[in-house]
Amino acid sequence: MTPEEEDRLIESEFQDLLNGYLRSNHRKKVEIIERAFRFAKKAHGGIRRRSGEPYILHPIAVAKIASQEIGLGSTSICAALLHDVVEDTDYTVDDIQRMFGKKIAQIVSGLTKISGGIFGDQASAQAENFRKLLLTMSEDIRVVLIKMADRLHNMRTLGSMAPNKQYKIAGETLYIYAPLAHRLGLFAIKTELEDLSFKYEHPASYAEISKMIKESEDRRSAVYNDFATPIKENLDKMGLKYEAKARMKSVYSIWKKMETKKIPFEEVYDLYAMRIIFDCNDQSQEKAICWSIYATITDLYRLHPDRTRDWISNPKANGYQALHLTVMGTDGNWVEIQIRSRRMDEIAEKGFAAHWKYKIGESDEESELNVWLRTIKDILDDPNPNAIDFLDTLKLNLFASEIVVFTPKGELITLPTESTVLDVAFSLHSQIGTKCIAGKVNHKLVPLSYKLHSGDQVEVLTSQSQTPKEEWMAFLATAKGRTRLRQALRREQQPIIDKGKEILAEYLKEAEVEETNEIITKMMAFYHVTSRESFYLRLGNGDLSLEGYVIKESPKAEQSLISRIFRIGRRRNNDRDDDSGIIINTPENIDRKKTYSLRINDHERNFVFADCCRPIPGDDVMGFINDIGQVEVHSLNCPRAQVLKASFGPRIISTEWETASEKFLAEISIDGIDRHGILQELTQMISNNLNIDIRSLHVDTDNEVFTCRLTAMVTDTRVVTELCEKVKKIKGVQRAARVADKINAV
């Protein structure tokens, strides 16, 4: 190509950029864009990319993506055109500020700082570049948006790079940029970045899946048309101006589903979704139109009841709005349908940058962006901000539901939110996990259960004398950690588990009951055990006794028990005054819908309070007639009560509390940061200020963390609630809750 032809190509590409900008709703600042282009063209004169093309074509392409695919305005277009000038030429940020103003210079400066990419050659550089990328968001979110455009164009032209560079850049993109694009609401860019990364990381798989998509196109089109035609006919009758199209699942998404579910391409049934985009000039009518379209579709096809998502009433943090529903398609497979207005669709595709257009009309986007950035001002006023702490404030956790932590050597570890030091230990190695005793987070000693945050530096401490504990399972958020702990526990506990199996088998044999999944599940629910291994282990250890567990009763025996309890109630009502244990009518005129009063001041009562949930006055309760003629009083939320209601309906009776002076034992769990004098302050508040009798107090400390189990005498739930609220005000106390509440929440 001759110099004249290259120049015509450059001018043509710039004119295409300018035309796209002129079609937007932004204020038309053509003069400054023209100046920025001429300046960049001159600065990059004679420089070429690896592909051989003039370098200026890259800034033009980045500016075009920023403008037409993200929706940014003149300030961003100028910054995109100039983004490599400072790094690649002799010009400085001061030169840019002198010619184009402070705002454009700031954005160019931010882009120059992070030009090295996320991953450097050494761990320290890696962490520092990551920090820089995130900190630039404090200066101006447009820095990151333009960086997205820069990365997208680099990915589109990655074919000219050496294979080792391709692999590095693709991995970096999939790891950092695609998730960040998703959290910024740049869904179209996120999808393209994922597909392009996948193409260079797994070229054979990419080619194979692309081929299968193409080969199945005719069949998919026929199925889609059969499905969509009735919907379109009904939408036409509604008089809507709309666009209905099939949204094909991306190559990367298909591959990920095949890998995750271990299924072939033919079994990926949700290859396409239907998207309906309607025009609406009145934003207040959008919600009503969405639901009217929903009603039309559900009149035609069977709705999946658990897969309706209303992102209109409750938009996602990144601004996404749409109404999603899933219906049974004509081919017997489920099809997702997304209903959006034109405004919602533009925000969904272009992300945050599209918001300003609908909120502040044709004024510059800067004010709306600055409003949004104000939400993270507090954390950035910190003179020594943590590299990643402000991600939570932004609600921009890179992996949506995941966090990123560092090892002392600067290596990144990606974990789910709620992950602990123990998760890090098991992610490093099984032996490190099983021998872990504590951790250091940001050089501070913490227990195994310490929950991590993005940006934490985590060091795992181990001891050869440490052995894995079953209670560690509550500290783990990762599947890998749970699996490795379970395997380690099984190795150590197998002899006890085998003993527990024998105890259960012998018990069921004596009761002449077959050992089925149903009976074991019911027994596990009764004893509040979540897994079979735990159930067998507790049996083998002698922590559980199967005596007294009601397995089954014949209707005849059950009726005998009911008659017995009624006889007891009637006899005692006749023999004593109204302070009897439970007031029950005679069997002949029993009304099961009636609520019976529990007379709690009677020492000869014919009812007992269940140990599994330990109800106290104020709890919603029910009665269950057990096999020795007593009424067991359970909290309605008790898991055991759920099993009883499902399995022994005729034995269930309604109950309610009567006012009484009797006190009940309540157990309270208190967690917090240990400090000198906290235990004394805690006991003084409870016994002196609240006038509550403490019956037992057990405290465990693990480094700087304490856990306290407190048993006190209370009259009702209001006393417990007041106690917990006041305890939480003590300095260092993180949590205080009734133990029964935790059981009920299972």
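Owing to the predicted nature of the structure, the values given are computational and were not obtained by experimental measurement. Quick note: numbers below take in every heavy atom, side chains included, and nothing from hydrogens, waters or symmetry partners.
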Does a donor on one side chain sit under 3.5 Å from an acceptor on the other, for Q321 and R343?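 The criterion, which ignores hydrogens and geometry beyond distance, is satisfied for R343 and Q321.
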Salt bridge (Lys or Arg N to Asp or Glu O under 4.0 Å): which pairs involve [range], sequence neighbours left out?
range            : result
residues 8-22    : E11-R38, E11-K41, E13-K64, D16-K64
residues 224-233 : none
residues 42-55   : E6-R48, R49-E53
residues 65-79   : E69-R156

Please confirm whether the backbone N or O of [Y] pairs with a side-chain atom of [X], one donor and one acceptor, at under 3.5 Å?
X    : Y    : answer
N225 : S221 : yes
N19  : Q15  : yes
Y252 : L196 : no
S24  : G20  : no
R220 : I213 : yes
S109 : A105 : no

Minimum heavy-atom distance between [X] and [Y], given as atom pair plus value:
X    : Y    : result
I289 : L240 : CG2-CD2, 4.0 Å
V251 : S210 : CG2-OG, 3.9 Å
I56  : P59  : O-CD, 3.1 Å
L81  : A36  : CD1-CB, 4.2 Å
R142 : S76  : CD-OG, 3.1 Å
Y21  : K28  : OH-CA, 3.5 Å

Salt bridge present between E346 and R342 (N-O < 4.0 angstrom):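 Salt bridge between E346 and R342, a charged N being under 4.0 Å from a carboxylate O: no.
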May I ask you to check whether over 12 heavy atoms, not counting those of D90, lie within 6.0 Å of atom CG?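 Check fails, neighbour count at 12 or below.
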Taking everything shown except N281 itself, do over 12 heavy atoms lie less than 6.0 Å from its CG?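 Incorrect, the count does not exceed 12.
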Measuring from atom [atom1] of [X] to atom [atom2] of [Y], what distance do you get when rounded to the nearest 0.5 angstrom?
X    : Y    : atom1 : atom2 : value
L57  : F14  : CG    : CZ    : 13.0 Å
C290 : H324 : SG    : NE2   : 10.0 Å
W311 : R340 : CH2   : CZ    : 12.5 Å
L72  : I107 : CG    : CD1   : 8.5 Å
I77  : L82  : CD1   : CG    : 12.0 Å
F37  : I60  : CZ    : CD1   : 4.5 Å

Do the non-hydrogen side-chain atoms of [X] and [Y] ever get within less than 4.5 Å of each other?
X    : Y    : result
I312 : M344 : yes
D150 : L111 : no
V223 : N333 : no
R275 : D345 : yes
K257 : K249 : yes
M258 : I254 : yes
R151 : I189 : no
K245 : I277 : yes

One pair to check against side-chain contact (heavy atoms from CB on, under 4.5 Å): I293 and L235. What are the steps and the verdict? CA-CA 7 Å; I293 295 172; L235 294 180; 3.9 Å; yes
How would you list, by chain and number, every residue that makes a ring-ring contact (aromatic ring centres under 6.0 Å, His included) with [X], sequence neighbours excluded?
X    : value
H58  : Y55, H83, H153
F100 : F39
F265 : none
F227 : Y301

Derivation and outcome, side-chain contact (heavy atoms from CB on, under 4.5 Å), residues I33 and C78: CA-CA 6 Å; I33 294 174; C78 290; 4.0 Å; yes
Of all residues at least two apart in sequence or in a different chain, which pass the side chain to side chain contact (heavy atoms under 4.5 Å, CB included) check with [X]?
X    : result
S197 : M155, A170, T173, L174
H202 : F198, S205, W255
L303 : Y294, T298, T308, L325, V327

In sequence, state the C-alpha distance, the side-chain angles, and the governing distance for E286 and Q283, and then conclude on side-chain contact (heavy atoms from CB on, under 4.5 Å). CA-CA 5 Å; E286 290 178 345; Q283 192 172 327; 3.6 Å; yes
Could you go through the side chain to side chain donor-acceptor pair (under 3.5 Å) check for D95 and T92 one step at a time? CA-CA 5 Å; D95 294 330; T92 65; 3.2 Å; yes
Between V108 and V85, is a side-chain contact (heavy atoms from CB on, under 4.5 Å) present by the stated rule, with each step listed? CA-CA 9 Å; V108 171; V85 167; 5.9 Å; no
List the residues meeting salt bridge (Lys or Arg N to Asp or Glu O under 4.0 Å) with R247, not counting sequence neighbours, and say none if there are none.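 Once residues adjacent in sequence are excluded, the partners of R247 under the salt bridge (Lys or Arg N to Asp or Glu O under 4.0 Å) criterion are E336.
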